[in-house]
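Below is one structure, written out as structure tokens; the observations come after it.
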Amino acid sequence: MGKKVVLALGGNAILQPGQAGEFDIQQANVVASSKSIAHVVNAGHDVVIVHGNGPQVGQILRQNELAQSEVPVQPLPACSAESQGYIGYMMQEALKNVLPNKQVATVLTMTEVDPNDEAFSHPTKPIGSFFTEEESNLLVKEKGWVMGEDAGRGYRRLVASPEPKAIVEVDVIKMMMSHGFLVISTGGGGIPVVRDAFGQLSGVAAVIDKDSSALRLSKDVDADVLMILTDVSNVYINYGQPNQESLTELSVEKAQSYYDAGHFSDGSMGPKMAACIDFAKQGKTAIICSLNDALEALEGRAGTRVVG
Ligand code: ADP
Ligand code: MG
């Protein structure tokens, strides 16, 4: 029986550490990722793809900063939309080449966040260029940016990472899925927007965690399985230590106890496990595995499964 699967692809599906971001390199990564996705689709599952965009949106922002004497700087939500657009294009091309009979489409997706989300009062996510302390002080004064020191490398703009409240285009995504379309959506967690008292949407400078948005989407489309594809074959306890232990299948309670004990790092495995635990609580299965093992993991032969 085909399952409804939300496949969330990590950054390495598009750009790997150490790669500069040349288009053909990104395209080659996407082609490889698409083959893995095609195995899942060809096995009869209904798939909706979510992807990260961290390096891509960072580079678009940098291009804007470098060219600002000639071309007006575009705000972060516009940069995010640009990245969804070109990553979507690369994926559509690659997927269409391996699945010629499938209708494939990217939905530029906005994700609504709460303007009162407490994340806005203490931004934590560094984005864009590095500045000196003097430049940083000037940007705080002139642009009202929040700046912070980033791991001894200089000062960077900090933006909030609020919780996703709703996927604005969710009904479009559902409608396309119901017609058998292979949909790419919610790239980079979605373009962050807030709704005012009159119901009007507007983009905000923020970065939404793609794993949290994938969870939101998987609940909203009533997915059977949430799959987070990353660059490790399994989740580990005591990760990186001599006594590290790979996890294959675990209950929500067990996963929560390891989470509480701090086995999953903030900003990498932490949000993935948090999303899996939340999803599995519905009595469903959430999976974390490597990109190449997608179908095997879905069939219970690879990866780490959190079972509700
Ligand atoms: P993605 O780009 O796919 O979102 P991340 O780099 O954010 O990937 O998260 C995957 C990384 O999480 C792995 O490469 C690994 O270094 C790290 N990680 C942290 N804690 C764990 C853990 N307990 N088990 C496995 N990987 C972990
Ligand atoms: Mg990453």
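Residues: numbered from 1 along the sequence shown. Quick caveat: nothing in here was measured; it's all calculated off a predicted structure. Just so you know, ligand 1 is whichever comes first in the structure, and atom 1 is the first atom listed for that ligand.
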Can you tell me if [X] contacts ligand 1 (heavy atom of the residue under 4.0 Å from the ligand)?
| X | answer |
| --- | --- |
| Q244 | no |
| M273 | no |
| G267 | yes |
| I228 | no |

Enumerated ligand 1 atoms positioned under 4.0 Å from heavy atoms of [X]:
| X | answer |
| --- | --- |
| N234 | 25 (C) |
| G11 | 1 (P), 2 (O), 3 (O) |
| Y236 | 22 (C), 23 (N), 24 (N), 25 (C) |
| D231 | 10 (C), 11 (C), 13 (C), 14 (O) |
| K210 | 4 (O) |

Discussion item. Nearest 0.5 angstrom please: D209 CG to S161 OG, how far?
Written reply: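 Rounded to the nearest 0.5 Å, the CG-OG separation comes out at 6.0 Å.
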
Worksheet item: Are K284 and D222 within salt-bridge range, i.e. N to O under 4.0 Å?
Response: yes

Discussion item. Please tell me whether T106 and Q92 have a donor and an acceptor in their side chains that are separated by less than 3.5 angstrom.
Written reply: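 Per modelled atom types, T106 and Q92 side chains form a pair under 3.5 Å.
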
Worksheet item: Between F130 and R153, is there a cation-pi geometry (under 6.0 Å to ring centre, at most 45° from the normal)?
Response: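 Geometry flag: not set, cation outside 6.0 Å or 45°.
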
Discussion item. Parallel, tilted or perpendicular: which one describes the rings of Y259 and F264, with boundaries at 30° and 60°?
Written reply: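 Y259 vs F264 ring planes: tilted.
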
Fill in: Minimal non-hydrogen separation, D46 against M177, with atom names
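Here D46 and M177 meet closest at O-CE, 4.5 Å.
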
